[in-house]
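Residues: numbered from 1 along the sequence shown.
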Amino acid sequence: MAPPPPTTTADLRRPLILSIPNNALTHTFTDDNSPSQHILTINDHSSTNTRFHDYFSRTQENDQNPFQILGCDGFEAPVSSTVDPFRNQTPKIEGLYEWLKMLLIVPLALIRLVLFVLCLFIGYIATKFALHGWKDKHNPLPRWRCRVMYVTRLCTRAILFSFGYHWIKRKGKPVAREIAPMLVCNHVSYIDPIFFFYELSPTIVTSESHDSRPFVGVIIRAMQVIYVNRSSYQSRKQAVHEIKRKASSNSYPRVLLFPEGTTTNGRQLISFQLGAFIPGYPIQPVVIRYPHLHFDQSWGHIPLSTLMFRMFMQFHNFIEVEYLPVISPSTHHKESPARFAERTGRAMASALNVVQTYHSFADYALLSKAVKAGHENLSPFMVEMAQVQKLYHLSTSEAVEFLGRFLAMDPDSSGCVNYQDFIRVLRLKHSRLSENIFGFIDVGKNGIITFKEFLLGSIHVLKLPLFGRACEVAFNEIDEDKDHYISLSEFGGSTSQAIPNMATSEIQALFELFDVDGDGRISKDDFIDCLKRNPLLIAYFNHHFMHKDLDAETGFQEMVG
């Protein structure tokens with residue numbers, strides 16, 4: 001009979017299970033002073049995710065950073081605010097009062113609809129007449145054409161009346177254009193530009209896509225709008241030039257901008273874009289409010305037709321407009337646009353009695369993609385992108401692409417993804433290296449990752465100074481025959497060094513992820529493009545950066561240096 005196992009302190013600290021094979025857990029424990037052995041065999045009937053749960057029970061000293069070789073010491077993912085500045089508070093018709101009110105107001109709503117259509121048609125005809133034969137779009141609209149546009153402005157007031165805005169509460173007055181050629185306002189509803197067109201007929205900045213909209217496109221063209229394509233740097237640069245040109249000339253109307261770049265629910269201000277503040281002209285801030293009890297008039301993610309219908313079905317809708325004191329750039333020293341925007345934002349937030357968050361238009365783009373994917377809890381997919389973009393210079397389109405990959409991992413109702421879905425989408429096999437990659441992203445060490453952790457972790461790796469060179473070194477090392485392409489066999493040999501015992505189907509799946517153009521081989525462009533879209537996968541090529549006689553980081557830096 002074997003003697004009982006020793007109970008020394010060293011043995012108590014010794015881990016019971018050091019590895020996890022696919023089908024069973026087996027380990028031999030041997031006392032240094034006794035030839036006896038104890039073999040523990042456990043049949044594994046659990047899922048990959050259950051096995052991974054054991055990983056998080058290990059001590060932190062056993063965890064490894066798979067990106068340390070690139071000079072990465074980890075990253076921080078601060079907890080995001082649970083505030084959703086885009087959420088409409090009354091997206092559905094609820095309550096007996098609302099239903100009874102809508103039932104009673106049906107005849108009035110029909111009259112309002114007729115008034116709306118009639119005014120829109122008359123305004124459209126007047127605008128077409130004012131623009132007829134006007135070829136010189138580079139210069140201000142001639143005065144006689146502007147007089148014709150008064151007809152459209154009166155129609156606009158009637159349209160506001162049809163939407164239930166029977167009277168408009170104003171506080172303060174707009175200053176003369178010579179004092180402040182520019183206005184900035186918070187953006188809550190599509191009613192905002194309609195009101196300002198009636199009130200001041202300013203020049204506004206709007207998306208190029210609005211020009212093609214029926215009726216609306218013609219009317220905004222008469223406002224001598226400044227078009228901008230947010231996804232194009234050259235378009236944004238040209239828009240700033242046009243803002244400065246038109247604001248500097250009294251021949252043009254004053255320029256109105258909504259620096260948030262999108263609509264919010266009016267309960268917060270989000271971060272400002274800088275286009276209004278780069279020219280450096282005095283600005284008069286304006287704040288607009290839509291007080292309500294039963295119906296929130298903010299746009300949110302309610303379809304435009306639904307929002308219009310709800311407006312028609314109210315007895316009265318409230319709107320308040322407040323003109324604030326003019327804010328000028330500092331004269332003591334050259335003030336940066338960011339600082340100018342910050343001072344203006346503080347003044348507007350104070351007037352509204354709200355806070356200004358780090359959300360931005362990019363968060364709205366992320367939220368829109370989550371909505372299309374069918375998610376109802378949208379807060380986890382907004383990461384306050386103003387901070388992220390400032391730190392990593394990340395574009396909105398890049399952030400949306402990362403969200404697309406995260407959504408493919410099938411996040412749960414709380415917006416979190418587990419290990420098994422993480423490796424499924426990245427086409428990885430369960431291994432210690434895969435665990436370490438997931439553990440690197442899982443800042444909270446709770447076995448799940450949020451979109452903010454996934455985004456920040458991925459971007460942190462992508463923006464490492466050595467990342468680009470690491471991609472090139474990895475490609476050159478895998479391309480053994482130096483034909484500038486990686487074959488399936490070459491790729492399989494490389495991945496097998498990172499993860500032994502990969503099945504042919506698993507290697508093929510990962511190969512297809514890198515084979516962007518689907519031609520059965522991986523070019524250098526394919527390889528680098530895939531790693532830019534999935535920067536965490538660079539860890540699978542760490543073995544190409546190792547030197548036996550040097551530590552990992554020094555060896556790699558000498559290799560690429």
Output a table of donor-acceptor pairs, distance under 3.5 Å, between side-chain atoms of residues 390-400 and any protein atom two or more places apart or on a different chain; print 'none' if there are none.
| unit_1 | atom_1 | unit_2 | atom_2 | d |
| --- | --- | --- | --- | --- |
| Tyr392 | OH | His460 | ND1 | 3.3 |
| Ser395 | OG | Ser397 | OG | 3.2 |
| Ser395 | OG | Glu398 | N | 3.2 |
| Ser395 | OG | Glu398 | OE1 | 3.3 |
| Glu398 | OE1 | Ser395 | N | 3.1 |

Can you give each donor-acceptor pair under 3.5 Å made by side-chain atoms of residues 111-128, sequence neighbours left out, with the distance rounded to 0.1 Å?
| unit_1 | atom_1 | unit_2 | atom_2 | d |
| --- | --- | --- | --- | --- |
| Arg112 | NH1 | Phe312 | O | 2.8 |
| Arg112 | NH1 | Gln314 | O | 2.5 |
| Arg112 | NH2 | His166 | NE2 | 3.4 |
| Arg112 | NH2 | Gln314 | O | 3.1 |
| Arg112 | NH2 | Phe315 | O | 2.9 |
| Thr127 | OG1 | Gly123 | O | 2.7 |
| Thr127 | OG1 | Thr152 | OG1 | 2.9 |

Audit row: Leu256, Thr203, side chain to side chain contact (heavy atoms under 4.5 Å, CB included) steps and yes/no: CA-CA 6 Å; Leu256 168 69; Thr203 293; over 6 Å; no

Stepwise side chain to side chain contact (heavy atoms under 4.5 Å, CB included) check, Leu160 with Ile168: CA-CA 10 Å; Leu160 290 173; Ile168 298 172; 4.2 Å; yes

Step-by-step side-chain hydrogen bond (donor to acceptor under 3.5 Å, both in side chains) determination, Tyr233 to Gln238: CA-CA 9 Å; Tyr233 170 77; Gln238 179 62 27; over 6 Å; no

Worked verdict on Phe75 versus Phe440 for ring pair (Phe, Tyr, Trp, His ring centres under 6.0 Å): CA-CA 9 Å; Phe75 70 101; Phe440 173 82; 5.3 Å; yes

Chi angles and distances behind the side chain to side chain contact (heavy atoms under 4.5 Å, CB included) call for Thr206, Ile220: CA-CA 9 Å; Thr206 188; Ile220 65 174; 4.2 Å; yes

Intermediate values then yes/no, side chain to side chain contact (heavy atoms under 4.5 Å, CB included), Phe406 and Lys452: CA-CA 10 Å; Phe406 186 81; Lys452 186 168 189 176; over 6 Å; no

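With rounding to the nearest 0.5 Å, the separation of CE in Met348 from SG in Cys185 is 5.5 Å. Atom CZ of Phe451 and atom CG of Leu455 lie 4.5 Å apart (nearest 0.5 Å). Ser298 contributes atom OG, which lies 7.0 Å from atom NE2 of His292 (distance to the nearest 0.5 angstrom). Put simply, OH on Tyr281 and CZ on Phe340 are 12.0 Å apart, with the number rounded to the nearest 0.5 Å. The distance from atom CD1 of Ile219 to atom CZ of Arg153, rounded to the nearest 0.5 Å, is 13.0 Å. With values rounded to the nearest 0.5 angstrom, Ser360 atom OG is found 9.5 Å from Glu384 atom CD.
Looking at Glu322, its side chain never comes within 3.5 Å of a backbone N or O of Gly172 through a donor-acceptor pair. With hydrogens and angles ignored, the 3.5 Å screen pairs a side-chain donor or acceptor of Ser458 with a backbone N or O of Phe454. A donor-acceptor contact shorter than 3.5 Å links the side chain of Arg427 to the backbone of Ala509. Using modelled atom types, one side-chain atom of Asp442 and one backbone atom of Asn446 make a donor-acceptor pair closer than 3.5 Å. Not a single donor-acceptor pair under 3.5 Å links the side chain of Gln89 to the backbone N or O of Asp296. Side-chain N or O atoms of Gln284 include none that pairs as donor or acceptor with a backbone N or O of Met182 at under 3.5 Å. The backbone N or O of Ser328 sits less than 3.5 Å from a side-chain atom of Arg343, completing a donor-acceptor pair. Counting only distance, with no hydrogens or angles, the side chain of Lys246 and the backbone of Gln224 share a donor-acceptor pair below 3.5 Å. Although no hydrogens or angles enter the test, the distance criterion places no donor-acceptor pair under 3.5 Å between the side chain of Glu320 and the main chain of Tyr290. Of the possible polar contacts, none joining the Thr306 side chain to the Ile302 backbone as a donor-acceptor pair under 3.5 Å is found.
Remark: Arg267 CZ is loosely packed, at most 12 non-hydrogen atoms of other residues, nucleotides or ligands lying under 6.0 Å away. The environment of Tyr190 atom OH is dense: over 12 non-hydrogen atoms of other residues, nucleotides or ligands sit within 6.0 angstrom. Around the NZ atom of Lys369, the shell of radius 6.0 Å holds no more than 12 heavy atoms that belong to other residues, nucleotides or ligands. Atom NE2 of His316 is surrounded by more than 12 heavy atoms from other residues, nucleotides or ligands within 6.0 Å. Other residues, nucleotides and ligands contribute at most 12 non-hydrogen atoms within 6.0 Å of the CH2 atom of Trp99.
Scanning both residues, Ala109 and Met313, for their nearest heavy atoms gives CB-SD, 3.4 Å. The minimum heavy-atom distance between Ala77 and Val443, with the atom names listed, is CB-CG2, 4.2 Å. Residue Ile243 comes nearest to Leu257 through the heavy atom pair CD1-CD2, 3.5 Å, listed as atom of the first residue, atom of the second, then distance. Among all heavy-atom pairs drawn from Pro380 and Ser414, the shortest one is CG-O, 3.4 Å. Residues Glu453 and Ile441 share a closest heavy-atom pair of CB-O, 3.5 Å. When every heavy atom of Asn418 is checked against every heavy atom of Ile448, the shortest pair comes out as CA-CG2, 4.4 Å.
The side-chain hydrogen bond (donor to acceptor under 3.5 Å, both in side chains) analysis of residues 169-189, with sequence neighbours excluded, yields the pairs Arg170-Glu199, Arg177-Asn250, His187-Asp192. Pairs engaging residues 399-423 under the salt bridge (Lys or Arg N to Asp or Glu O under 4.0 Å) rule: Asp421-Arg424 [sequence neighbours left out]. Residue pairs meeting the ring pair (Phe, Tyr, Trp, His ring centres under 6.0 Å) criterion with at least one partner in residues 342-376, sequence neighbours excluded, are Phe86-Tyr364, His301-Tyr364, His375-Phe381.
Between Ile93 and Phe295, the closest side-chain pair of non-hydrogen atoms is not below 4.5 Å. The shortest distance between side-chain heavy atoms of Phe309 and Met102 falls below 4.5 Å. Proximity of Arg254 to Pro202: side-chain heavy atoms (C-beta onward) are separated by under 4.5 Å at one or more points. You'll find the side chain of Asn88 stays beyond 4.5 Å of the side chain of Trp299, heavy atoms only. Ser434 has its side chain within reach of Tyr419: a pair of non-hydrogen atoms, C-beta onward, lies under 4.5 Å apart. The shortest distance between side-chain heavy atoms of Ile270 and Asp363 does not fall below 4.5 Å. Put simply, the side chain of Gln297 does not reach to within 4.5 Å of the side chain of Ile191, judged on heavy atoms. Taking the side chain as every heavy atom from C-beta outward, Phe422 and Leu426 approach each other to under 4.5 Å.
Take Arg245 and apply the salt bridge (charged side-chain N to carboxylate O under 4.0 Å, His left out) test, not counting sequence neighbours, and it matches Glu242.
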